[in-house]
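Here is how names work: the chains are called A, B, and so on, in the same order as the sequence lines, proteins then strands, and each is numbered from 1. We use all heavy atoms of the structure for the numbers below, so side chains are in, but hydrogens, waters and symmetry mates are not.
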Amino acid sequence: MLPVEEQLKVITSGTMQIVPLDELKKKLEKGTPLNIKLGVDPTSPDLHLGHAVPLRKMRQFQDLGHKVTLIIGNGTALIGDPSGRDSTRPPLTEEQVEANAKTYVEQAMKVLDPEKTTIVHNGDWIKPLNLGKMLGLMSKFNVARILEREDFHNRYTEGRSIALHEFIYPVLQAYDSVVIDADVEMGGNDQIFNLLAGRDLMRAEGMEPQVALTMPLLVGTDGTKKMSKSYKNYIGLTDAPADMFGKVMSIADEIVPMYYRLCSTCSLDEVDAIDRAFADGTADPYKLKRALGRNIVDLYHGAGEGEKAERAFDDLFKKHEIPEDIPQVSCDLTPNDDGQVYLARVLVEAGLAKSASEARRLIDGRGVKINGEAVAPKSYNVDPAMLAGATLQVGKRHFAKLA
RNA sequence: GGGGAUGUGGCACAGCGGCAACUGCGGCGGACUGUAAAUCCGCUCCUUCGGGUUCCUUGGUUCGAGUCCAAGCAUCCCCA
């Protein structure tokens, strides 16, 4: 293993908080592989780059010789993590959790080293808990302490509801740490309370407490809000290469260095150099963004895919050519009484518009093209001959080819 | 258990009983670009355009209800 100082350099890069740092140092000094914990709440099956941030940090731990325990929260899912929430989470069914967990693991393994990763389910030890044991765990925690949490505090002071069972979530998450004897628990910055709860409980159980390590929440492609599916500012790990590259190209300049640090496979030195270049104004954001796009696509789709995606991107957006792999759709092109086809309906069927009304508005706004030719406003009906095998386009980036 | 307040389109916030409903944000389309930022323009319930269906739910008053009344549901506040 590398010297402790070297390891710490890698580990601290990009982290938000390490509580406490000197305990982490002591653990590293033992020279034995540490057990790094990440709890996964399988609420939504699609991972994005934001989810990958802690995963990347864990991969760095693995590369340094440590091992990772991934906990699938099929037990804690019965509650739903209240962290950062302003309302109670809807509970998930067992089947949803399993299905989500499966896709989660598939995607996570693109980042993690499977050799050094153990996967466990916390339902295995949470579901058998009896009331006595439960109460025992709960007695180690204090309501006032839990109410200090920002999310609960906000909900409480803003008069939003907090269901009683939500208080139990940190308790169970802490119990996970006891069961697997974690050395370090990773999480997003919104997880800090839950991670600290783990420390408290481990100490109460007479164990060496885990170190809490949080990563910043990744800012989404809009550059302001955190990356989240609901804000539609996310880059999905399973996004198609060209799409992924394009989304990277669309991020704001200011957040490029952060993306390099948190999402790329670039070395610490390279990332530091990019930081400096941005700081003194010598950076070329456009070039760096393209390189970042290639790096990220390579990471999730395999070496070489990044360059391919970049070429496809240039064809599409620099030369305004129609991309090669556009979805094929078969639509009902039966003409109506006057021998025309209602284009608005076709656009809906092709998935390019939500409703016929929207399609009509798009046509009126000159946003619809057939084979590259803009459709004139008000021409909602078109000659079927124009449509057979035609390429439909809405806006700059939505295409469909008619069968 | 008692008293009070609130419930409008993804979000926020308007709306004397009489035009699908002000405005902002967001989103989408167009121009300009580096699918960045900034800026400008248009659109943002459904409808082959005739019309249809909306303002928590259900009833009621009315020629006419987002607006008035009643009950219910939900959330919040104060008291116990």
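- For the pair Lys289(A) and Phe245(A), the cation-pi test (distance below 6.0 Å, angle within 45°) is failed.
- Salt-bridge annotation for Arg261(A) and Asp275(A): present, with a side-chain N of the basic residue lying under 4.0 Å from a carboxylate O of the acidic one.
- Spacing between A65(B) and G59(B) at atom C1', rounded to whole Å, works out to 14 Å.
- To the nearest angstrom, P of U33(B) lies 16 Å from NZ of Lys289(A).
- Applying a 4.0 Å cut-off to non-hydrogen atoms, the residues of residues 352-370 of chain A that approach RNA chain B are Ser355(A), Ala356(A), Ser357(A), Arg360(A), Arg361(A), Leu362(A), Gly365(A), Arg366(A), Gly367(A), listed by residue number.
- Evaluation of the ring pair (Phe, Tyr, Trp, His ring centres under 6.0 Å) rule for His66(A) yields Phe61(A) as partners, not counting sequence neighbours.
- For the contact set between residues 244-255 of chain A and RNA chain B, defined by any heavy atom under 4.0 Å, the members are Gly246(A), Ser250(A), Ile251(A), Ala252(A), Asp253(A).
- With P as the reference atom, C16(B) and U67(B) are 12 Å apart, rounded to whole Å.
- Taking 4.0 angstrom as the limit, Tyr286(A) places none of its side-chain polar atoms (N or O) nearer than this to OP1 or OP2 of G34(B).
- For C63(B), the paired nucleotide is G18(B), the pair qualifying as Watson-Crick or G-U wobble because both relevant distances are below 3.5 Å.
- Toward the 5' end of RNA chain B, the nearer of the two residues Val348(A) and Val394(A), judged by each one's closest nucleotide, is Val394(A).
- Atom CD of residue Glu29(A) and atom CD of residue Glu5(A) lie 8.0 Å apart, to the nearest 0.5 angstrom.
- Within 90° of 0 lies the glycosidic angle of G50(B), which makes this nucleotide syn.
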### side-chain contact (heavy atoms from CB on, under 4.5 Å) between Val297(A) and Glu310(A), intermediate numbers included
CA-CA 9 Å; Val297(A) 174; Glu310(A) 184 178 30; over 6 Å; no

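- A donor atom on one side chain and an acceptor atom on the other are found under 3.5 Å apart for Asn122(A) and Asp176(A).
- Here C49(B) presents its P atom at 10 Å from CG of Asn336(A), a figure rounded to the nearest Å.
- Applying the Watson-Crick and G-U wobble criteria (two distances, each under 3.5 Å), A80(B) pairs with nothing in any strand.
- For the pair Glu208(A) and Lys27(A), the salt-bridge criterion is met [side-chain N within less than 4.0 Å of a carboxylate O].
- Base-pair partner of C40(B): G30(B) (Watson-Crick or G-U wobble, both distances under 3.5 Å).
- Using P as the reference atom, A36(B) and U57(B) are 41 Å apart when rounded to the nearest Å.
- We find that the ring of Tyr380(A) and the base of U48(B) do not stack by the test of centres under 5.5 angstrom and planes tilted less than 30°.
- Distance noted for atom P between C25(B) and G42(B): 14 Å (whole Å).
- Under a cut-off of 6.0 angstrom, the local environment of NZ in Lys127(A) is crowded, with over 12 non-hydrogen atoms contributed by other residues, nucleotides or ligands.
- Only the P atoms considered, U8(B) is 23 Å distant from U53(B), to the nearest whole Å.
- Taking atom C1' in both C40(B) and G51(B), one finds a spacing of 36 Å when rounded to whole Å.
- A salt bridge does not link Asp200(A) to Lys140(A): none of the charged nitrogens lies less than 4.0 Å from a carboxylate oxygen.
- The CD atom of Gln393(A) sits 14 Å away from the P atom of U35(B) (whole-angstrom rounding).
- Nearest-nucleotide assignment on RNA chain B puts the 5′-proximal partner with Asp243(A), out of Asp243(A) and Thr334(A).
- For U75(B), the paired nucleotide is A5(B), the pair qualifying as Watson-Crick or G-U wobble because both relevant distances are below 3.5 Å.
- Comparing U54(B) with G66(B), their C1' atoms sit 10 Å apart, to the nearest whole Å.
- Counting non-hydrogen atoms of neighbouring residues, nucleotides and ligands closer than 6.0 angstrom, the CD atom of Gln328(A) exceeds 12 such neighbours.
- Side-chain contact of Tyr259(A) with Asn295(A): a donor-acceptor pair under 3.5 Å is absent, judged by distance alone.
- Taking atom NE2 on His398(A) and atom C1' on U35(B), their separation rounds to 11 Å, with Å as the unit.
- The distance from atom OH of Tyr342(A) to atom P of C46(B) is 11 Å, rounded to the nearest whole Å.
- Remark: P of U48(B) and CG of Asp337(A) are 14 Å apart, rounded to the nearest angstrom.
- Between the CG atom of Leu347(A) and the P atom of U47(B) there is a distance of 12 Å, given to the nearest Å.
- One interatomic measurement links the two molecules: CG of Leu288(A) to C1' of G34(B), which rounds to 13 Å at whole-angstrom precision.
- Look at the P atom in both G18(B) and C13(B): the space between them is 24 Å, to the nearest Å.
- The partner of C45(B) is G52(B), by the rule that a Watson-Crick or G-U pair needs both atom distances under 3.5 Å.
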